[in-house]
Each structure stands twice: as C-alpha cells, then as structure tokens.
Student: 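One structure is given below, represented as structure tokens, and several questions about it will come after.
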Amino acid sequence: SGKSISRIADGIITAIIPQPSDSSGNQNIIDTNIGGDSITQGGLLVNIDGEIIGMSTSVGRTASLGGFISSLALHRQRVPAKDAAALPKQ
C-alpha cells in the first residue's frame, strides 16, 4: 500500500559477528537482542548519543535476525595519495 510504520525498539548489542571476506572489520555484523519483527529493511541502529552505528540490510539479517551492518561499512574509505595512482579512473 506504500505506507510505512515508524518503529522504535530498544535493545542491547549481544555480539559482533566478523565477516570473513573483510579483514578491516568495517563490515562486521552487529547482533542485537531486538526482535526481527521490529526491524525493517533500512532501519538504523542508534546509540544513546544519537549516533548511527548500524543499518539493517539483507546481509545483516542473513547473519542474524537482529543483525545490522556496521555504519563503518557505509563510509567512503580514504585512500592514501601514494596508493591513489593505482586506482581505476572514473
């Protein structure tokens, strides 16, 4: 029907699930005790300071029903100037 319902749930982080394909730790899954039915795709995980620390995606939900990808995975990574020359031109 195109309508969405705002949902707010509280919970705690219960685990950090490392992803084997990422050695930087930026794409770890943040597992929570928030029920899967309370989490919508694209929902944000916010700490008590109001900072976004994670986002609900199919990747996070596959690892755990209460899982979120780390917000670090959403940030553009800086490349040192000495390494930038090796990157493909856009």
Student: Tell me whether I17 is reachable from L45 by hopping between hydrophobic residues (I, L, V, M, F, W, Y) whose side-chain heavy atoms are closer than 4.5 Å.
Tutor: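 No; I17 is not reachable from L45 via cluster members.
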Student: In this structure, would F68 and I13 fall into the same cluster of hydrophobic residues linked by side-chain contacts under 4.5 Å?
Tutor: yes
Student: Under a 3.5 Å distance rule, please check whether D49 uses its side chain to pair with a backbone N or O of E51 as donor and acceptor.
Tutor: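 No, the answer is negative, given that no donor and acceptor are paired below the 3.5 Å cut-off.
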Student: If I compare all heavy atoms of I16 with all of I30, which pair ends up nearest, and what's the gap?
Tutor: CD1-CG1, 4.1 Å
Student: Counting C-beta onward and ignoring hydrogens, is there a side-chain heavy-atom pair between V46 and I53 closer than 4.5 Å?
Tutor: no
Student: Can you name the side-chain contact (heavy atoms from CB on, under 4.5 Å) partners of S38, sequence neighbours left out?
Tutor: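 With sequence neighbours excluded, S38 shows a side-chain contact (heavy atoms from CB on, under 4.5 Å) to A9, I34, given in chain and number order.
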Student: With a 3.5 Å distance limit and no angle check, can you tell me whether S71 reaches the backbone of I52 through a side-chain donor-acceptor pair?
Tutor: yes
Student: List in chain and number order the residues that pass side-chain contact (heavy atoms from CB on, under 4.5 Å) with D10, two or more places apart in sequence or in another chain; answer none if no residue qualifies.
Tutor: none
